[in-house]
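One structure below.
Computed from heavy atoms alone, side chains included, the values below leave out hydrogens, waters and symmetry copies. Convention: sequence-line order gives letters A, B, ...; per-chain numbering from 1.
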Amino acid sequence: MKRIKTLNSASLKESACKGGCGECQTSCQSACKTSCTVANQKCESNK
Amino acid sequence: MVHIFKMFDKYIALDVNSGCVHVMDKLCYDIINFMNVKNFAPTSSEARFKLIDDLKYDYDRTEIGEALDDITELYNDGLLWSKDDFKVATDLKKNSPIKAMCLHVSHDCNLRCKYCFADEGKYHSEKGELMTAETGKKAMDFLVKNSGKRKNLEVDFFGGEPLLNFDVVKEVVEYARELEKKYDKNFRFTITTNGILLDDDKIDYINNNMGNIVLSIDGRKEVNDRMRYRADGSGSYDRIVPLFQKVAESRNQDKYYVRGTFTRQNLDFSEDVIHLADLGFEQISIEPVVCDEETDYSLREEDLPKIFEEYEKLVKEYVKRIKEGNGFNFFHFMVDLEEGPCIIKRLSGCGCGCEYLAVAPNGDVYPCHQFVGHEEYKMGSLHDDKGLNQELRSGFEQCNVYTKPKCKDCFAKFFCSGGCVANASLINGDMKEPHKLSCEMMKKRVECSLYAKAALAED
């Protein structure tokens, strides 16, 4: 494919199958205390 | 849903439901735009015919055919216009155990920050109350008891200023360490401090016991000191900068954040982020102020063009510095495209009011730190046996991107998870009505972070 570069796999679809363990960090415990930024958190089961 | 945008020299498409990010040439961008506007699927023969007719004066017919073939291939592979089949996952969040707690060990503060959502630390009460060790320990018991099978439990020592009650912080940490052995849990502690009372002993203790430390500073001296000052009016910058630098170095530039707030009075906030980076900090978070809209420093809709311009300026410098080998992390540009949170977490976000709670010094329980002191949101108390208000809890539990009408067609919904519930509740009076200004800034930050990924992926 010469005109399009895809940066990542269909990670959201894949995560629907194996996700939901709930062991990951709560977003407001890291550095956002007044907004909601979730997508930058790490998945614990991928560590 | 496919969201397309151009930033600097990059044409970028985000396939919202698969999470795939594509970087492309202008022709592909124009084709996807055409499909979006006309609501065509790329496999439709009518779409092909009309597309060629539409673009024939700008592009060669063979080129259009080639580009369309590429787009069709991605579509057939489920990487463009993929279906949203996640709604069923919202049930997985029901009755989830409690795993995180914001512990307000002090409702007193040694600063008088002008924009403080905590009412200068007092949270709408008259006196500056400190939490007792007994209440702190009860909070740990409560957390463990309600954590079900969750192993990782998080506690943020918050305030006011938690260092004003540091002996209690230490006592609670030690107690929690006993509990984690007994119940096979793993406590992760964070402390959020303005830094005024930091000294070598406290830094050592925090480094040995806390997985994260959030250090409050707004950036340039004049910006910080205009908002963050003591009762006598003197600014905090000169006191805290060397201490924060010491903390950052002693933690090997990891597992901490310098965190600040920008307001209408420093709309050129990219300069503050860069200033913090120039001071040697590598983990930086600067957030928009949340405050009464009537104040002279509140952000307004008319400020958005300038704010967007600043985010773009910042991301350009962010990418440049990473490429040059002297990069820094900006919390709101960090996106992990491969190993980020699962879709189940992304549907409902921070979990406030169900997975995440805040405890006030007197033992009252609230959905999160921002609700503390708002009596109508009080969920219960650690000092009685009544348990949590299940009606309130259920309301928070049902809060996700599918129950918020404004999120339905938003490309950023799986990045912000429907936005801050406290902002929605306290500003709009409805937890399912996201705060518009915050949404607009969030969308811009998502675009900037995807641009950064695209720029850093260049050969």
Side-chain angles (χ1 to χ4, degrees), chain A, chain B residues 17-25 27-28 67 70 74 78-79 86 89 92 96 99-100 117 150-152 154 156 190 212 214 257 259 285 287-288 290 331-332 334-346 349-351 355-356 368-370 414-417 419-420 438 453-454 457:
Chain A
M1 204 166 283
K2 63 179 184 180
R3 296 174 179 275
I4 303 177
K5 181 176 182 178
T6 300
L7 300 185
N8 58 326
S9 59
S11 52
L12 288 193
K13 298 273 179 184
E14 290 156 18
S15 78
C17 310
K18 60 176 186 176
C21 74
E23 295 291 352
C24 51
Q25 190 180 32
T26 298
S27 52
C28 269
Q29 300 291 76
S30 43
C32 76
K33 283 286 184 191
T34 52
S35 64
C36 193
T37 306
V38 173
N40 60 4
Q41 306 291 311
K42 276 272 176 196
C43 172
E44 291 282 334
S45 55
N46 278 335
K47 269 187 178 176
Chain B
N17 295 320
S18 69
C20 273
V21 180
H22 310 280
V23 190
M24 57 196 57
D25 63 9
L27 170 55
C28 290
D70 284 357
L74 292 173
L79 306 178
F86 301 133
L92 297 173
S96 56
K99 65 173 190 177
F117 72 80
R150 293 285 184 273
K151 188 172 171 70
N152 294 324
E154 297 159 41
D156 184 12
T190 295
N212 186 26
V214 180
Y257 278 98
R259 185 212 171 277
S285 172
E287 290 189 57
V290 172
F331 184 77
H332 297 280
M334 288 161 55
V335 168
D336 192 330
L337 292 178
E338 289 291 0
E339 297 185 342
C342 62
I343 188 69
I344 295 145
K345 182 182 176 92
R346 288 171 189 253
C350 65
E355 287 185 336
Y356 172 55
C368 86
H369 53 285
Q370 283 205 73
F414 295 135
F415 289 80
C416 72
S417 309
C420 174
S438 301
K453 289 285 179 199

- prompt: Taking all non-hydrogen atoms of both residues, which atom of B:Gly340 and which atom of A:Cys43 are closest, and how far apart?
  reply: O-CB, 3.4 Å
message: Working to the nearest 0.5 angstrom, can you tell me the gap between A:Lys13 NZ and B:Ile343 CD1?
response: 8.5 Å
task: State the CD-NZ distance between A:Glu23 and B:Lys151, to the nearest 0.5 angstrom.
output: 8.5 Å
statement: Turns out that what part of B:Thr190 lies under 4.5 Å from chain A's heavy atoms comes down to side chain
query: Heavy-atom distance under 4.5 Å between the side chains of A:Met1 and B:Leu74, does that happen here?
result: yes
task: Could you check which of B:Pro288, B:Ala454, B:Cys416 has the highest count of heavy-atom pairs closer than 4.5 Å to chain A?
output: B:Cys416
query: In terms of heavy-atom pairs under 4.5 Å, which option from B:Gly19, B:Ser18, B:Cys420, B:Cys342 contacts chain A the most?
result: B:Ser18
message: Please classify the contact between B:Phe415 and chain A as side chain, backbone, both or neither, with a heavy-atom cut-off of under 4.5 Å.
response: both
- prompt: Is it the side chain or the backbone of B:Cys28 that comes within 4.5 Å of chain A heavy atoms, both, or neither?
  reply: side chain
Chain B contact via A:Glu14 - which portion, at a heavy-atom distance below 4.5 Å: neither
Under 4.5 Å from any heavy atom of chain A - which part of B:Val21: both
statement: The reported gap from OG1 in A:Thr26 to NZ in B:Lys99 (rounded to nearest 0.5 angstrom) is 4.5 Å
- prompt: Is a side-chain N or O of B:Glu338 found less than 3.5 angstrom from the main chain of A:Ser9, in a donor-acceptor match?
  reply: yes
statement: d(B:Glu339 CD, A:Ser11 OG) to nearest 0.5 Å is 10.0 Å
task: Look up atom CG in A:Leu12 and atom CD1 in B:Ile344, then write down how far apart they are to the nearest 0.5 Å.
output: 11.0 Å
task: Report yes or no: does A:Lys5 contribute a side-chain atom to a donor-acceptor pair with the main-chain N or O of B:Ala457 at less than 3.5 Å?
output: yes
query: Can you check whether A:Gln25's main-chain N or O pairs, donor with acceptor, with B:Lys345's side chain at less than 3.5 Å?
result: yes
task: Please report the shortest heavy-atom distance between B:Leu337 and A:Leu7, naming the atom on each side.
output: CD1-CB, 4.3 Å
query: What distance separates A:Gln41 CD from B:Cys350 SG, expressed to the nearest 0.5 Å?
result: 10.5 Å
